[in-house]
Amino acid sequence: MMSRTVSSWILSSARSSIVLQGKGRLYSRCITARNETKWKLVFCGTRQFPTGSWSLDNALFLRKAFRHTSTEEEQFSFQLSPSQINEVLRAGELSHKILGLHGKNASSVLKFESNQLASNTPIEDRRSAATCLQSRGMMFGVFDGHAGSACAQAVSERLLHYIAVSLLSRQTLEEMELAVESMKPILPVLQLHKHPNDVEYREITSQYFESLRVYWQHLLDLDTEPGFSLEEAMICAFKRLDSDISLEVQAPQESELMRNIALQVAFSGATACVAHIDGVHLHVANAGDCRAILGVCEEDGTWSTLPLTRDHNAYDESEIKRLKREHPKSEEKTLLVNDRLLGILMPSRAFGDVQLKWSKELQQSVLENSCDAEALNIYQYVPPNYHTPPYLTAEPEVTYHKLRGKDKFLVIASDGLWEMLSNEMVVKLVAGHLAEFNMQKPQLAFEKPINLGYMHNLLLQRKSRGTGSLDQNIATHLIRHAIGSNEYGEVDQEKLAAMLALPEDLARMYRDDITVTVVYFNSDTIENYYKNSE
């Protein structure tokens with residue numbers, strides 16, 4: 001059986017491993033002694049948040065009943081039933097349809113669907129989606145954390161607000177500032193579209209708001225109308241938030257809890273990919289190795305892929321050149337070691353990660369004077385050849401694309417998906433899902449006069465196509481294929497079950513956290529834009 005083969009191979013390979021250098025962002029070492037499998041990160045340990053700082057529903061993780069905690073368990077089985085597989089895969093589903101006035105969809109966004117699957121415990125990926133209320137457009141973000149989930153969590157809560165504020169007029173910013181001074185409610189800038197189990201740092205919300213307020217006060221202090229272009233707004237927001245993350249951990253905090261959260265946010269890291277869609281105008285800001293692509297349906301019915309981002313890592317020639325420009329020639333051979341930044345980090349752009357941005361003296365001062373780094377699982381490590389920081393930036397690369405009628409959907413995902421599926425395969429799967437879903441739900445075009453025999457035949461046709469066998473959420477469909485596909489591109493149920501039941505101390509070797517958001521475009525609205533502008 002496939003599951004028996006997979007399980008025996010996985011267990012034997014895990015128990016004989018000495019050094020693991022694979023999908024993880026940080027070097028890991030597996031040390032086996034006295035029937036215990038212990039994991040140590042050379043750079044940073046997995047973060048544990050302070051008691052009471054936040055809680056996560058089990059829906060974000062694999063159900064404990066279905067997943068093992070260790071490869072050393074005596075009763076070790078990879079068997080999951082189809083219903084258990086679906087329960088695990090569908091736990092993080094989020095779907096939202098965009099409706100305009102009077103039920104007519106005037107937005108270029110028809111709907112979006114999203115999902116997550118954890119490999120780490122807790123999951124280190126995050127996602128955000130929002131409608132801009134004081135400016136036009138919608139935003140979608142995917143955030144891939146490393147060395148813990150703290151930074152990804154903070155960025156997912158804050159970054160869209162920084163972008164939205166960057167786009168506001170001086171008058172709106174003045175009204176917001178006046179409301180705060182008068183202790184009155186301010187106008188909301190975003191309507192968030194959240195999964196019921198998405199978490200937030202409630203204890204530190206006031207700190208985040210104060211930092212955001214200081215940012216809009218800075219915009220008001222400018223001599224002229226802020227008037228950022230969308231590209232400028234996204235770049236400014238990314239850089240300002242990263243700066244605030246760095247400053248907040250150096251400033252006095254109201255409580256030890258807030259101090260600990262600020263430390264964990266700054267000393268972990270996160271890559272980010274955010275799309276802003278306003279009518280036919282699509283901007284994508286990317287810092288790191290999350291990725292965004294468009295699915296394009298050509299006139300002849302064939303599908304093509306349009307990449308909107310490039311991965312910022314040691315495999316990208318432009319990033320290598322940028323890093324070499326920013327540091328002395330004497331460091332050329334040590335900037336990238338084993339395809340990692342300073343031999344440590346795979347992405348070359350990210351939020352947080354102050355170990356690769358601050359001076360050695362500042363790191364030592366902050367950690368020694370204010371926290372128990374060991375209790376917070378903050379590993380004090382300065383990489384070799386650390387001479388001219390910062391080595392890491394959160395400045396994004398922004399891509400603009402003017403949407404066309406043939407642009408059907410946008411996929412934004414963390415690298416956990418792209419490690420498993422190519423751009424072309426993702427578009428093929430989404431396009432195939434669309435075609436199959438449309439076939440399975442035909443329009444009931446009634447003939448006149450309608451008779452019972454005609455209705456009966458239509459219902460039989462629909463039933464025979466098996467609507468129940470298809471994932472309703474396209475993000476779930478992609479995750480299912482990412483971890484369960486065989487060499488023929490078909491989902492193998494036993495492989496899927498084995499991958500989902502991997503123990504916590506082993507799962508990270510074979511798959512990463514996966515977060516996917518798919519945005520469907522309203523082709524009619526987009527085509528009407530061009531008709532009306534003629």
Check [X] against [Y] and note the closest heavy-atom contact, atom names and distance.
| X | Y | answer |
| --- | --- | --- |
| M346 | R340 | CG-NH1, 3.6 Å |
| Q134 | L187 | NE2-CB, 3.7 Å |
| R259 | A251 | NH1-O, 3.4 Å |
| M138 | I98 | CE-CD1, 3.6 Å |
| C290 | D144 | SG-CB, 3.7 Å |
| L294 | L282 | CD2-CD2, 4.2 Å |

When you measure from the side chain of [X] to the backbone of [Y], do you find a donor-acceptor pair of N or O atoms at a distance under 3.5 Å?
| X | Y | value |
| --- | --- | --- |
| H195 | A91 | yes |
| K239 | A394 | no |
| E248 | Q253 | no |
| S108 | I526 | no |
| D471 | N473 | no |
| N115 | A475 | no |
| S268 | H146 | no |
| Q355 | F267 | yes |
| E113 | I474 | yes |
| T515 | V142 | no |

Do [X] and [Y] meet the criterion of a side-chain donor-acceptor pair at a distance under 3.5 Å?
| X | Y | value |
| --- | --- | --- |
| T517 | R127 | no |
| Q207 | S211 | yes |
| N423 | T305 | no |

Quick check for you: to the nearest 0.5 Å, what is the distance between [X] atom [atom1] and [Y] atom [atom2]?
| X | Y | atom1 | atom2 | value |
| --- | --- | --- | --- | --- |
| I479 | E93 | CD1 | CD | 8.5 Å |
| L117 | D513 | CG | CG | 8.0 Å |
| R291 | C273 | CZ | SG | 10.5 Å |
| F351 | I245 | CZ | CD1 | 6.5 Å |
| L222 | F228 | CG | CZ | 6.0 Å |
| K408 | K406 | NZ | NZ | 10.5 Å |

4.5 Å side-chain heavy-atom contact, [X] and [Y]:
| X | Y | value |
| --- | --- | --- |
| F238 | V398 | no |
| Y520 | V430 | yes |
| L230 | Y400 | no |
| R90 | R480 | yes |
| L500 | L89 | yes |
| H161 | L190 | yes |
| L335 | E326 | no |
| V155 | R126 | no |

Report the C-alpha separation of E319 and N313 in whole Å, then their side-chain angles, then the decisive distance to 0.1 Å, and conclude whether the side chain to side chain contact (heavy atoms under 4.5 Å, CB included) test is met.
-> CA-CA 7 Å; E319 281 298 280; N313 55 33; over 6 Å; no
Report the C-alpha separation of Q116 and S414 in whole Å, then their side-chain angles, then the decisive distance to 0.1 Å, and conclude whether the side chain to side chain contact (heavy atoms under 4.5 Å, CB included) test is met.
-> CA-CA 10 Å; Q116 294 183 292; S414 59; over 6 Å; no
Parallel under 30°, tilted from 30 to 60°, perpendicular over 60°: which one fits the rings of H433 and H477?
-> tilted
Can you name the ring pair (Phe, Tyr, Trp, His ring centres under 6.0 Å) partners of Y215, sequence neighbours left out?
->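 Y162.
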Sequence neighbours excluded, the answer for side chain to side chain donor-acceptor pair (under 3.5 Å) partners of D316 is R310
Begin from the C-alpha positions of I344 and Y391 and carry the test side chain to side chain contact (heavy atoms under 4.5 Å, CB included) through to its verdict.
-> CA-CA 11 Å; I344 296 297; Y391 289 92; over 6 Å; no
Could you give me the CA-CA distance, side-chain angles and deciding distance for E424 and K428, then say whether salt bridge (charged side-chain N to carboxylate O under 4.0 Å, His left out) is met?
-> CA-CA 6 Å; E424 292 73 23; K428 179 180 178 181; over 6 Å; no
When you check the gap from the basic side-chain N to the acidic O, do D407 and R404 get nearer than 4.0 Å?
->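 Looking at R404 together with D407, the answer is yes, because their closest N to O distance falls below 4.0 Å.
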E254, CD atom: more than 12 neighbouring heavy atoms under 6.0 Å | no
Between F112, F140, W303, which is the residue that forms a ring pair (Phe, Tyr, Trp, His ring centres under 6.0 Å) with F409?
->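 Only one of F112, F140, W303 forms a ring pair (Phe, Tyr, Trp, His ring centres under 6.0 Å) with F409, namely W303.
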Tell me whether the guanidinium CZ or amine NZ of R158 lies under 6.0 angstrom from the six-membered ring centre of Y208 and within 45° of its axis.
-> yes
Residues V249, V354; criterion side chain to side chain contact (heavy atoms under 4.5 Å, CB included); working and verdict = CA-CA 10 Å; V249 74; V354 293; 5.5 Å; no
